[in-house]
Amino acid sequence: MQTFKTSKARENILARIRKGLTEPVAMPFPEADKEQTEVYAESGLSVEETFADAFIKLGGKFVYCDNELELMEGIANLHESRSWSKMLCSDNRLALLFQNNKLDIIQPLTQGHTEAEVCITDCEMLVARTGSIIFSSRQFMGRTAPVFYPVHIVVAYANQIAPDIDEGLNFIKKKYGVNIPSMINLNTGPSRTADIEKTLVVGVHGPGEVFCFYVNA
């Protein structure tokens, strides 16, 4: 059997790497992590207004609803104006709500549904400062439903909004405890890319339109 010699220098390097992995290096400036000073200027807006402002600037479409009745009316009006032929809903509670209120235009999403113009989903949280929406793999088809269909409609409620990303992630940690989802994703506006000749193209890697129906309940 052929054997290969290992140089002494290489062995020394590997030994230092192994030692470094077993002896974590202390933070050089531990005081820096203790500082919680806000670096963003106060806008004077509520968290809902801050999210709506940032979300709209990113190309999203924000719809405020006082209650679930306005939510259903808004989605029905949107369907009528766009003449969509097929709408799906990935959240069981929302799908049941639509069915109980005779919105037969919306079908529950299943694994076999691959073609539809629109998918309605719930979300984990809204992030006000960045206008982002947090999704996770713990939602039904949470990896695909928010990105697979041409139009994405997100339904969020008043208890699902955080001022910034760290508060949103802390909410998820408290919600799931040790069973943290294997995928946590922040979606910020419609899909866009400028990879080709620095020309902005929308809807390449995901939905070209994103609606957020915010229910103040």
Side-chain angles (χ1 to χ4, degrees), residues 46-128 130-162 168 185-192 202-203 205-217:
S46 66
V47 286
E48 296 86 355
E49 291 170 327
T50 301
F51 173 82
D53 183 61
F55 185 69
I56 291 169
K57 286 179 179 177
L58 291 162
K61 297 175 174 64
F62 182 84
V63 183
Y64 178 91
C65 305
D66 272 326
N67 48 52
E68 289 184 332
L69 177 60
E70 289 191 4
L71 164 67
M72 291 180 289
E73 290 175 348
I75 289 180
N77 291 336
L78 188 58
H79 167 265
E80 185 177 353
S81 66
R82 296 296 187 91
S83 300
W84 289 320
S85 61
K86 193 170 185 179
M87 299 176 68
L88 304 174
C89 181
S90 68
D91 181 70
N92 288 334
R93 192 195 69 83
L94 287 172
L96 186 61
L97 178 69
F98 295 140
Q99 288 180 347
N100 289 341
N101 287 273
K102 311 302 181 185
L103 281 179
D104 300 329
I105 54 176
I106 301 170
Q107 303 175 28
L109 175 64
T110 66
Q111 296 284 353
H113 280 121
T114 57
E115 294 184 4
E117 293 110 322
V118 185
C119 187
I120 302 171
T121 75
D122 60 340
C123 68
E124 294 286 3
M125 289 291 286
L126 306 178
V127 178
T130 60
S132 304
I133 305 173
I134 302 180
F135 301 96
S136 83
S137 56
R138 294 294 292 274
Q139 300 168 253
F140 178 66
M141 294 188 69
R143 296 177 184 273
T144 56
V147 299
F148 185 77
Y149 300 92
V151 179
H152 182 200
I153 296 177
V154 182
V155 177
Y157 290 81
N159 64 340
Q160 290 181 289
I161 189 164
N185 191 35
L186 275 82
N187 289 15
T188 307
S191 166
R192 57 174 64 81
V202 176
H205 306 299
E209 277 189 294
V210 179
F211 292 82
C212 178
F213 279 76
Y214 178 85
V215 183
N216 190 32

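Keep in mind it's a predicted model, so treat the numbers as computed, not measured. Note: hydrogens, waters and symmetry copies are ignored here, and every other heavy atom, side chains too, is used.
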To the closest 0.5 Å, what do you measure between [atom1] ([X]) and [atom2] ([Y])?
X: Phe213; Y: Tyr64; atom1: CZ; atom2: OH; result: 14.5 Å
X: Asp53; Y: Leu58; atom1: CG; atom2: CG; result: 9.5 Å
X: His152; Y: Asn187; atom1: NE2; atom2: CG; result: 7.5 Å
X: Met125; Y: Ile134; atom1: CE; atom2: CD1; result: 6.5 Å
X: Thr121; Y: Leu94; atom1: OG1; atom2: CG; result: 8.5 Å
X: Ile105; Y: Cys89; atom1: CD1; atom2: SG; result: 11.5 Å

Note, [X] side chain near [Y] side chain (heavy atom, < 4.5 Å):
X: Phe98; Y: Ile120; answer: yes
X: Val155; Y: Asp91; answer: no
X: Tyr214; Y: Ile161; answer: yes
X: Phe135; Y: Val147; answer: no
X: Leu126; Y: Cys212; answer: yes
X: Asn92; Y: Phe140; answer: no
X: Phe148; Y: Leu109; answer: no
X: Cys65; Y: Glu73; answer: no

Would Glu68 and Tyr157 count as having a side-chain donor-acceptor pair, cut-off 3.5 Å?
yes
Do any N or O atoms from the side chain of [X] and from the backbone of [Y] form a donor-acceptor pair under 3.5 angstrom?
X: Asn101; Y: Leu103; answer: no
X: Glu117; Y: Lys86; answer: yes
X: His79; Y: Trp84; answer: yes
X: Gln160; Y: Ala156; answer: no
X: Glu70; Y: Asn67; answer: no

Run the side-chain contact (heavy atoms from CB on, under 4.5 Å) check on Ile75 and Met87 step by step: do they pass?
CA-CA 10 Å; Ile75 289 180; Met87 299 176 68; 3.9 Å; yes
Distance-minimising heavy-atom pair for [X] and [Y]:
X: Ala116; Y: Pro150; answer: O-CD, 3.4 Å
X: Pro190; Y: Gly60; answer: CD-N, 4.0 Å
X: Leu78; Y: Ser81; answer: O-OG, 3.0 Å
X: Ile133; Y: Cys123; answer: CG2-CB, 3.6 Å
X: Phe51; Y: Ser132; answer: CE1-O, 3.4 Å
X: Ala128; Y: Ala54; answer: O-CB, 3.9 Å

Basic-acidic side-chain contact under 4.0 Å: Glu209, Lys61
yes
